[in-house]
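Below is one structure; the comments refer to it alone.
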Amino acid sequence: MSWSQAVPISLDKTKVNQPEDKASEPPPSVDTGLHYDRYLREVIDFLEKDQHFREKLHNTDMEDIKMGKLAKELDFVSHHVRTQLDELKRQEVSRLRTLIKAKQDIEGGNDMAVDHQALLKQFEYLNHMNPHTFEVEDLDRLIKSATNDLENYDKERHEEFKKYEMTKDHERREHLKSLDDEGRKKEEEHYEEMKKKHADHPKVNHPGSQNQFKEVWEEADGLDPEDFDPKTFFKLHDSNGDGFFDEQELEALFTKELEKIYDPTNEEDDMVEMEEERLRMREHVMNEVDTNKDRLVSLEEFLIATKKKEFLEPDSWETLEQNQAYTDEEMREFEEHLAQQEEDLSQKASDLQKQRDELERQQEQLNSQKVELQQVQNLKNELYSKLLSFSVEGNAIPEPQGEYHPLPPGHQDMSQNHPGMKQDNHLQNQIPHNTQDLSQPRLQDLPPGHQAVP
């Protein structure tokens, strides 16, 4: 869309400082928050390259789109665009299979066979049974999934913010409980001071009102507010030139209002709350202006809205600090849920500690058994070493104490007649001659005619 079309002929250009033309670059894609955002945007971009489909897209209302009438127009799209869509789908199926495999690896199922067809069923925005070509069913699935998911996305964001605010308040209360009376008093005074400072800001214009758009016209566009023209304003802020304000283009219009309330350098200003405020503003304008509920604001819808009383004489806008995100009942249920979670975690921690104690006890038993086994093994090794030392040649038997006296003539060493009692000659020769058995009388002391009994 050319720039000359953006400025109506009736506008006195001498009173308007025209913004300089910027180098023509494609506008950056804004993430919708959907996990298939890139695939969705690329499909739309390729379809809009086909003139026939682009005209049908702009002339079909949301109900017909939801019923699948627009998807049937895919049969009339050029072969070149269809080929590109086929490639996009193959890439998306490949991406999903990679994600499935990565998830399986993380969960430790490397050795299990992966049924990709079964797992792909969870991704309802494409026909997984045909992974090669982009057909009418694929476009129909993509439109219905995106419409439904985007409608739920805002609800989920609100719920997440509500939980964030309740958590913040709960933690503040718990912190106060940990303080003494003096510390608690100081903390409460500081909290009230921060609330006052945050609420002390310039007046916030009603989102989507003439006053709000005039401020953008003057401060962001650098134009004279007396020359404000709704059609020109729309053309200036339709950043991709498609003839519609999408949700991201609308949210960009509220930046000036949000800067009145929130400053990232201020302790009292919470940037999470700023994004929630932006979402509230966008939803409000969409509800007021988007008459066909297609989540887009056409030029026609915008111009009609600028003639309404709400645009010219709006009510004051109540910011987040004037509207608590949750009720007392919701806070009570939230704290009960937290208490239950803490109790469950405490029970799990107790069970894990018992398991740990039992494992430590079993480990101590194993260690004691190991020590005992080692001691037994050491004793065996010591005994074996001593026995081995007697069987090695050159080891001497310890010398017994006392004198040795040979047997008288006619007496035999009984060990010579009994094999079991024989001793090694070498060892026998090593026995000292003075060895005697002190428990028996000496041979020379026996009376004549008596024999020593072995």
Side-chain angles (χ1 to χ4, degrees), residues 27-33 150 153-173 175-176 186-223 225 233 236-237 239 245-289 295 297 310-311 314-327 330-331 334:
S29 294
V30 182
D31 196 337
T32 60
L150 285 171
Y153 182 64
D154 286 345
K155 294 178 184 176
E156 291 171 2
R157 281 181 62 182
H158 284 307
E159 286 301 314
E160 287 175 6
F161 175 74
K162 185 186 294 184
K163 192 179 295 184
Y164 168 81
E165 289 289 286
M166 289 191 291
T167 301
K168 192 167 68 170
D169 194 26
H170 172 76
E171 290 175 350
R172 186 183 68 83
R173 294 181 190 181
H175 175 61
L176 289 175
K186 288 182 179 179
E187 193 67 26
E188 288 283 17
E189 289 175 353
H190 178 71
Y191 174 71
E192 292 300 325
E193 182 186 355
M194 291 298 101
K195 282 179 67 177
K196 268 187 179 181
K197 287 180 69 175
H198 175 69
D200 184 18
H201 54 71
K203 179 185 175 183
V204 177
N205 290 310
H206 195 96
S209 67
Q210 183 180 45
N211 291 337
Q212 193 249 310
F213 288 155
K214 273 189 175 182
E215 275 195 14
V216 177
W217 174 274
E218 180 180 10
E219 297 181 18
D221 302 331
L223 302 176
F233 181 85
L236 285 171
H237 294 278
S239 57
F245 275 164
D246 60 27
E247 293 175 343
Q248 288 73 36
E249 288 169 333
L250 268 180
E251 288 182 0
L253 297 176
F254 309 135
T255 301
K256 287 294 177 183
E257 296 304 314
L258 294 169
E259 287 175 350
K260 296 177 182 178
I261 316 172
Y262 298 96
D263 184 341
T265 63
N266 291 341
E267 178 188 354
E268 67 272 14
D269 297 336
D270 188 333
M271 294 302 104
V272 176
E273 292 179 355
M274 183 185 77
E275 292 308 314
E276 175 68 9
E277 190 74 79
R278 190 192 302 274
L279 174 58
R280 291 178 69 236
M281 290 179 171
R282 187 255 291 166
E283 285 183 326
H284 173 74
V285 173
M286 278 291 189
N287 289 334
E288 293 289 324
V289 182
R295 302 179 72 89
V297 175
E310 291 81 1
F311 179 78
D315 297 329
S316 59
W317 175 254
E318 293 186 349
T319 54
L320 269 177
E321 68 262 17
Q322 299 167 289
N323 291 272
Q324 187 167 300
Y326 52 87
T327 64
E330 287 173 327
M331 186 65 189
F334 177 74

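Values below: all heavy atoms of this structure, side chains included; hydrogens, waters and symmetry mates excluded. Here the structure is a predicted model, which means the values were calculated and not measured. In what follows, residues are counted from 1 in the order of the sequence shown.
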Is any NZ, NE, NH1 or NH2 atom of the basic residue among [X] and [Y] found under 4.0 Å from an Asp or Glu carboxylate oxygen of the other?
X: Asp169; Y: Arg172; answer: yes
X: Arg157; Y: Glu283; answer: no
X: Glu189; Y: Lys186; answer: no
X: Glu165; Y: Lys168; answer: yes

Pair Asp263, Thr265 - check side chain to side chain donor-acceptor pair (under 3.5 Å), show working.
CA-CA 5 Å; Asp263 184 341; Thr265 63; 2.8 Å; yes

His190 and Glu267: side-chain contact (heavy atoms from CB on, under 4.5 Å), yes or no, with the steps?
CA-CA 11 Å; His190 178 71; Glu267 178 188 354; 2.9 Å; yes

Counting N and O atoms only, with roles assigned by atom type, does the side chain of Asn266 sit under 3.5 Å from a partner on the main chain of Glu268, one being a donor and the other an acceptor?
no

[X] side, atom [atom1]; [Y] side, atom [atom2] - distance, nearest 0.5 Å:
X: Trp317; Y: Ile261; atom1: CH2; atom2: CD1; result: 9.5 Å
X: His158; Y: Leu279; atom1: NE2; atom2: CG; result: 4.0 Å
X: Asp221; Y: Phe233; atom1: CG; atom2: CZ; result: 6.5 Å
X: Lys195; Y: Glu192; atom1: NZ; atom2: CD; result: 5.0 Å
X: Leu258; Y: Arg278; atom1: CG; atom2: CZ; result: 5.0 Å
X: Asp269; Y: Glu259; atom1: CG; atom2: CD; result: 12.0 Å

Can you list the steps and then say if Glu160 with Lys163 is a salt bridge (charged side-chain N to carboxylate O under 4.0 Å, His left out)?
CA-CA 5 Å; Glu160 287 175 6; Lys163 192 179 295 184; over 6 Å; no

Run Phe254 and Val285 through side-chain contact (heavy atoms from CB on, under 4.5 Å) and show every step you take.
CA-CA 11 Å; Phe254 309 135; Val285 173; 3.7 Å; yes

Taking the six-membered ring for Trp, are His201 and His198 parallel (under 30°), tilted (30 to 60°) or perpendicular (over 60°)?
perpendicular

Using the six-membered ring wherever Trp is involved, compare the ring planes of Phe213 and Phe311 and label them parallel, tilted or perpendicular (cut-offs 30° and 60°).
tilted

Determine, step by step, whether Met331 and Arg173 satisfy the side-chain contact (heavy atoms from CB on, under 4.5 Å) criterion, reporting the C-alpha distance in whole Å, the side-chain angles of both residues, the deciding distance to 0.1 Å, and the verdict.
CA-CA 12 Å; Met331 186 65 189; Arg173 294 181 190 181; 4.2 Å; yes

Contact between Glu249 and His237 at the side-chain level, heavy atoms closer than 4.5 Å - yes or no?
no

Mind checking whether Arg295 and Asp154 have side chains closer than 4.5 Å, heavy atoms only?
yes

Mind running side-chain contact (heavy atoms from CB on, under 4.5 Å) on His170 and Thr167 for me, showing each step along the way?
CA-CA 5 Å; His170 172 76; Thr167 301; 5.6 Å; no

Applying side-chain contact (heavy atoms from CB on, under 4.5 Å) between Gln212 and each of His206, Lys256, Glu257, report the one that passes.
Glu257

